[in-house]
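Please read the structure below before turning to the comments.
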Amino acid sequence: MRSQMRFVLLVLPFFGLVAVSFCLGFVSADGSTVPRPKLTWHYYKTHNTCDDAEVYIRHQVELFWKKDKSITPKLLRLVYSDCFVTGCDASILLDGEDSEKTAPQNYGLGAFVVIDKIKTVLEQRCPGVVSCADILNLATRDAVHLDGAPSYPVLTGRRDGLTSTRSSVDLPSPSITWEDALKYFNSRGLNVLDMATLLGAHSMGRTHCRYILDRLYNFNGTKKPDPSMDPSLLNDLRKSCPPRTKKGQTDPLVYLNPQFGANYRFTQTYYSRVLSHKAVLGIDQQLLYSNDTKEITQEFAAGFEDFRKAFAMSMYRMGEYQVLTGNQGEIRKNCRVPNKK
C-alpha cells in the first residue's frame, strides 16, 4: 500500500489529474476492478439539452456562498450521505416520513434550500433535463472549489432515484474503528487512500455534541475520556458539550476545526490536528492507528498539493458510485418528490 500511495501522489502532478482519473475504475472489496459507469464529460452540452447547465449551477452556488460559507461543509456532508447509501441518485433529497432524511445518522443535514433554488432556476431554463443527482455533485464541487479545493472533474448524466427509505441508511458512527471504516469504504468501491483523503473534508464544518460525547466522558464504556485526545481540546469541548443528563437537553454544535472556526477554508490543517491528537471526531483520530493511514496523514500534513490532488480524485470516484443512467430512474421536476406517474 505504501508504494502504491507514493505512486499515486507522484504520478498526479506529472500526467495531470483529469487524465489519470479517467483511466481508473473502482476497486471492490475483493480487489477486483469494477467497470466505471457510463457518465459523460459535460453531458448537457454534449447532448445539446442544456448547454449552460453547469454555468447556472456555479452562479447560484457563488451567490449562496457569498452570503453563507457554511454551505460548503453542508453540501459535502449531503453528497456523502447520498452517495454512500444507495449510490449517487439524489435519494437523500426526497421528503417523507420514512425517507433517508429521517434516519438518526442524517440528523442536522442542511443545504437543501441550495439544491431547491438551483433546481428552480434550471427548470425555468431547461425543464425536465438536469437531474437532482447531477446538481448535487456539481454544486458540491463548485462550493468546495470556492473554499480552496481544486475544481475536480464531475462527469454527468446521472438520473434520480425513485425511492428513499430510512432503513437503507447504514452510515457508520463517527466512533467507528479505522478497520471497520475501511471495510465500509471498500464496500463502496473505495480504498484506503480514498478513505483517508475524504475524511479530510472534516477540515471545515461543525458537528453536534451527541457525536463526540462518548470521547469526552465514556470512551469505550470506561466512564473516562478518550486518552488519545489532547487535554486542552478535551477541556474546550467539555465546556461546549456538557453531559446529557435530562430529556430535551440542547445538542450544541462545535467546530471540527476550532483553529479556524467559522472561517471555512479547505486546508491540510485537518491532518496536522490528527497528528497532534486534536481531532474532534473519533474516526479522524483513528487515522493514526494504521501504518497506511498514518503515512497518508503525514504526507498530507506536509504537502497541501498532494492532499488537493488526492481529494479531487477521491471525490470523482465517490461521485460515480452506483449511479443511475440511461432509462434508469427519472429526472425529477422537484428534487424533494418523485414525479407523478
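The shortest heavy-atom contact between Lys119 and Asn334 is CE-N, 4.5 Å. Nearest heavy-atom pair, Ala310 versus Phe300, reported as atom, atom and distance to 0.1 Å: CB-CZ, 3.6 Å. Across Ser81 and Asn106, no two heavy atoms sit closer than the pair OG-OD1, 3.3 Å. The two atoms that bring Val129 and Tyr44 nearest to each other are O-CE2, 3.3 Å, heavy atoms only. Met315 and Val79 get closest at one heavy-atom pair: CE-CG1, 4.3 Å. Of all the heavy atoms in Arg317 and Leu190, the pair that sits closest is CB-CD2, 3.9 Å.
By the 4.5 Å heavy-atom criterion applied to side chains, Leu256 and Met204 are not counted as neighbours. For the pair Leu275 and Thr297, the minimum side-chain heavy-atom distance is below 4.5 Å. You'll find the side chain of Ile57 reaches within 4.5 Å of the side chain of Leu122, heavy atoms only. Looking at Pro73 and Tyr264, their side chains come closer than 4.5 Å, going by heavy atoms from C-beta outward. Taking 4.5 Å as the limit, every side-chain heavy atom of Lys66 sits out of range of all side-chain heavy atoms of Leu146. Looking at Arg215 and Pro225, their side chains never come closer than 4.5 Å, going by heavy atoms from C-beta outward. Between Gln286 and Thr177, some side-chain heavy-atom pair lies under the 4.5 Å cut-off. At a threshold of 4.5 Å between non-hydrogen side-chain atoms, the residues Thr207 and Leu253 do not count as touching.
For the pair Asp160 (side chain) and Arg332 (backbone), a donor-acceptor distance under 3.5 Å is present. Under the 3.5 Å distance criterion, the side-chain polar atoms of Thr325 are left unmatched by any main-chain donor or acceptor of Lys38. Put simply, the side chain of Thr250 never gets that close to the backbone of Pro252: no donor and acceptor are under 3.5 Å apart. Looking at Lys45, its side chain does come within 3.5 Å of a backbone N or O of Asp51 through a donor-acceptor pair. Asp134 places a side-chain N or O within 3.5 Å of a backbone atom of Gly157 that can act as its donor or acceptor partner. Listed for the Asn220 side chain is no donor-acceptor partner under 3.5 Å among the backbone atoms of Thr222. Glu123 places a side-chain N or O within donor-acceptor distance of the main-chain N or O of Gly128, the cut-off being under 3.5 Å. Looking only at distances, no side-chain donor or acceptor of Ser314 sits under 3.5 Å from a matching main-chain atom of Phe311. Within the 3.5 Å criterion, the main-chain N or O of Ser228 finds a donor-acceptor partner in the side chain of His277. Distance alone, capped at 3.5 Å, is enough to place a donor-acceptor pair between the Arg158 side chain and the Gly319 backbone.
Cluster membership for Leu162 and Leu324, using ILVMFWY side-chain heavy atoms within less than 4.5 angstrom, is not shared. Using a 4.5 Å cut-off between side-chain heavy atoms of Ile, Leu, Val, Met, Phe, Trp and Tyr, with links allowed through other members, Ile331 and Ile92 fall into different hydrophobic clusters. In the hydrophobic cluster analysis, where Ile, Leu, Val, Met, Phe, Trp and Tyr join through side-chain heavy atoms closer than 4.5 angstrom, Ile176 is grouped together with Tyr289.
Residue pairs satisfying the disulfide bond (SG atoms under 2.5 Å apart) criterion with at least one member in residues 163-226, sequence neighbours excluded, are listed as follows: Cys209-Cys241. Residue pairs meeting the salt bridge (Lys or Arg N to Asp or Glu O under 4.0 Å) criterion with at least one member in residues 280-289: none, sequence neighbours excluded. Every pair tested for salt bridge (Lys or Arg N to Asp or Glu O under 4.0 Å) that includes a residue from residues 254-264 fails, sequence neighbours excluded, so the list is empty. For residues 201-213, the salt bridge (Lys or Arg N to Asp or Glu O under 4.0 Å) pairs, not counting sequence neighbours, are Arg210-Asp251.
With hydrogens and angles left out, the side-chain atoms of Ser70 and Asp68 include a donor and acceptor closer than 3.5 Å. Defined by atom type and a distance below 3.5 Å, a donor-acceptor pair is missing between the side-chain atoms of Ser168 and Thr86.
Considering only residues two or more places apart in sequence or on other chains, Arg141 meets the salt bridge (charged side-chain N to carboxylate O under 4.0 Å, His left out) condition with Glu54. Checked against salt bridge (charged side-chain N to carboxylate O under 4.0 Å, His left out), Asp52 has no partners two or more places apart in sequence or in another chain.
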Exercise. Start with the C-alpha distance between Trp65 and Asp142, add both sets of side-chain angles, then the distance that settles side-chain hydrogen bond (donor to acceptor under 3.5 Å, both in side chains), and finish with yes or no.
Key: CA-CA 10 Å; Trp65 183 82; Asp142 294 339; over 6 Å; no
Self-check item: side-chain hydrogen bond (donor to acceptor under 3.5 Å, both in side chains) between Asn257 and Thr269, worked out
Solution: CA-CA 8 Å; Asn257 191 344; Thr269 56; 2.9 Å; yes
Practice problem: Kindly determine whether Tyr107 and His208 satisfy side-chain contact (heavy atoms from CB on, under 4.5 Å), including the steps that lead there. | Solution: CA-CA 9 Å; Tyr107 176 76; His208 282 276; 3.6 Å; yes
Practice problem: Could you please spell out the steps behind the side-chain contact (heavy atoms from CB on, under 4.5 Å) verdict for Ile118 and Tyr56? | Solution: CA-CA 8 Å; Ile118 295 172; Tyr56 296 144; over 6 Å; no
Practice problem: Assess whether side-chain contact (heavy atoms from CB on, under 4.5 Å) is satisfied between Thr72 and Phe266, documenting all intermediate values. | Solution: CA-CA 10 Å; Thr72 301; Phe266 182 86; over 6 Å; no
Self-check item: side-chain contact (heavy atoms from CB on, under 4.5 Å) between Trp178 and Asp292, intermediate numbers included
Solution: CA-CA 11 Å; Trp178 73 266; Asp292 289 334; over 6 Å; no
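Taking the centre and axis of the six-membered ring of Phe112, the NZ or CZ atom of Lys101 falls inside the cone set by 45° and 6.0 Å. In this structure, Arg188 forms a cation-pi arrangement with Tyr184, its terminal cationic atom sitting closer than 6.0 Å to the ring centre and no more than 45° off the ring axis.
Separation of the Phe84 and Tyr321 ring centroids does not fall under the 6.0 Å cut-off.
By the 6.0 Å contact criterion, NZ on Lys69 is enclosed, its count of non-hydrogen atoms from other residues, nucleotides or ligands being greater than 12. For His59, the NE2 atom sits in a loose shell: 12 or fewer heavy atoms of surrounding residues, nucleotides or ligands are nearer than 6.0 Å.
Rounded to the nearest 0.5 Å, atoms OG1 (Thr293) and CG (Leu199) are 9.5 Å apart. Atom OG of Ser167 is separated from atom CD of Glu100 by 9.0 Å, given to the nearest 0.5 angstrom. Rounding to the nearest 0.5 Å places CG of Asp89 at 10.0 Å from OG of Ser131.
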